[in-house]
There are 2 protein chains.
Amino acid sequence: MRTIRYHQIADVLRGRLGAGEFPAGKILPSEAELGASYSASRVTIRKALEVLRGEGLVAARQGFGWFAAASPLPQTLTGLATIERQLADSGRRSERRIVDFQFVAAPDHVRPLLGKRVLETRRVHLADGMPFARVTVWCREDLGAELSKAQVERASFYELLPITVGSAAQTIGAGLIDPADSELLEVPTASAALVVKRTTHDTEGAAFLVSEHVFPGHITEFVAEFQSLEAFVSPRGLRLAD
Amino acid sequence: MRTIRYHQIADVLRGRLGAGEFPAGKILPSEAELGASYSASRVTIRKALEVLRGEGLVAARQGFGWFAAASPLPQTLTGLATIERQLADSGRRSERRIVDFQFVAAPDHVRPLLGKRVLETRRVHLADGMPFARVTVWCREDLGAELSKAQVERASFYELLPITVGSAAQTIGAGLIDPADSELLEVPTASAALVVKRTTHDTEGAAFLVSEHVFPGHITEFVAEFQSLEAFVSPRGLRLAD
DNA sequence: ATGTGATACAACTTTAATACAAGTGAGAAC
DNA sequence: GTTCTCACTTGTATTAAAGTTGTATCACAT
């Protein structure tokens, strides 16, 4: 008898989930059934499932069962230019100001992705002197070590890092302006903000950048245009957060 | 024997509907007959059918029977993951509650698009009794005149209106919960909210629907995943509002 | 100290069986 | 033609039983 059997079971289940055996929302066999399949007790199965729950792969409801978590769908917000492009088109000056540039212990939501220590940079983006975004970027320590503050002020991480971007996952949510951002963005505390969180992966699928963008709600919005007649019954890509 | 079967039955029926076995308007076997076919009780069959009704795939008339809904977009409805589908997959009850249904003078931002008078409906969407969205829809008067309150409670405007969708423009912004929405959504006033505004056009390019969706910020977020390696310097689709 | 197995109970969900109300439609009776 | 009846349908509610997760405890092995 091995001592950490539930990790092995978690690995196997992770594989089955990754193989597409259980598409999002599909109900998994009950703990009892899984226990029978793997000749393990319910306690062990539960521990394995709880590991996967911690990774966001599965979820459970009491009295109902375990099911594969709704995974983000591969759908982009079709179309428009970036904000920098818009600014350039309208002849406004775009500018970045660095307010923070240091190596720190990774915050909780970053550590599992990038490791224990990271380069944290905070920038304010301005259009014609008016701040319109606060962007915090966490960069993997080994990559961040090659960067200078001046470089980061001039260019984006995507241009600076010697890494090809493989994929990225991004969420758009709403939040309130906290006192720190209130000062940086020159808007009242507790006013509405668009919060974009993004994780960028290399071609191998390993994360190397995590960023958080905060936009004052009253001056920014996302625009998407659907040309085709594909259905969009409710806003696409929207999901319930945990 | 697994107890959770009505989702499986819903899946099978969804497949049969999608396969064209039941063209729009075709009457389905009665609940009793379906129960015999699938060796399930009437309750179970009913729950499955109600899931499909929530997706707008079927409808029923008391004393008459169930029939495939006359949906202008039957395929795409099932293909894409909306919040409702996510809810159904994880076994949550999805529900719409109408709080407003009347013909009114069009609000300022709607009048130029739809004309002077419009049908205004306000609905609250709930998941397991928990409200997660307030949706207000303005519909062109001549089209709205054909709709009943009960219809609107069950299905979406896209399914109900005899119009082919040509294109749509949508913005995602951030705002604060106002007192009215605070009551409807059961969240504190002045908390963060995602606000989605959409205008839908027919194939000629004329607008016929304007809608506004308000989601509590702490439980909802948009998810987008970028698979391609194209550069995205700042969040795509973001622009400065006027 | 930790992982594992076994057991027990609480809280919740689903299913089954049954009953009755209400609407539909077809044909019989007038 | 009109009305009535009857079989059949969905809508709704109630009970009981069984299944499932959530949580806790104890014993045992490594």
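Residue numbering restarts at 1 for every chain, and letters A, B, ... go by the order of the sequence lines. Predicted model only: the values in this text are computed from it and were never measured.
Scanning all heavy atoms of the two residues, the minimum distance from B:P131 to B:L185 falls at CG-O, 3.5 Å.
Within the structure, a side-chain polar atom (N or O) of B:Y6 is placed less than 4.0 Å from OP1 or OP2 of C:dT14. A close approach under 4.0 Å does occur between a side-chain nitrogen or oxygen of B:R53 and OP1 or OP2 of D:dG11. Distances shorter than 4.0 Å separate some side-chain N or O of B:S30 from OP1 or OP2 on D:dT9. Neither OP1 nor OP2 of C:dT14 sits under 4.0 Å from any side-chain N or O of B:T44.
Among C:dT15, D:dT21, C:dT24, the nucleotide with an atom closest to any side-chain atom of B:R61 is C:dT24. Taking every side-chain heavy atom of A:S41 into account, C:dG5 is the closest of D:dT20, C:dA16, C:dG5.
Taking OG1 from B:T189 and CG from B:D181, the interatomic distance works out to 9.5 Å, rounded to the nearest 0.5 Å.
Per the geometry, CZ belonging to A:R46 stands 7 Å off P belonging to D:dT23, to the nearest Å. We find that CD of A:E50 is positioned 12 Å from P of D:dT21, with the value rounded to whole Å. In this structure, CG of A:L34 is placed 12 Å from C1' of D:dT20, rounded to the nearest angstrom. One interatomic measurement links the two molecules: CD1 of A:I9 to C1' of C:dT4, which rounds to 10 Å at whole-angstrom precision. Put simply, CZ on A:F64 is 12 Å from C1' on D:dT21, counting in whole angstrom units. Rounded to whole Å, the distance from CH2 on B:W66 to P on C:dT24 is 15 Å. Straight-line distance from the NZ atom of B:K47 to the C1' atom of C:dT15: 9 Å, rounded to whole Å. When rounded to the nearest whole Å, the span between CD1 of A:I27 and P of C:dC12 equals 19 Å.
Toward the 5' end of DNA chain D, the nearer of the two residues B:A32 and A:A32, judged by each one's closest nucleotide, is B:A32.
Among the protein residues, A:R42 comes within range of the nucleic acid bases, having at least one heavy atom under 4.0 Å from a base atom.
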What's the verdict on side-chain contact (heavy atoms from CB on, under 4.5 Å) for B:T121 and B:D100, showing C-alpha distance, side-chain angles and the deciding distance?
CA-CA 5 Å; B:T121 67; B:D100 217 18; over 6 Å; no
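Salt bridge status for A:R134 with A:E212: present, with a side-chain N to carboxylate O gap under 4.0 Å.
Between B:H109 and B:W138, the ring planes lie perpendicular to each other; the angle is over 60°, past the 30° to 60° tilted range.
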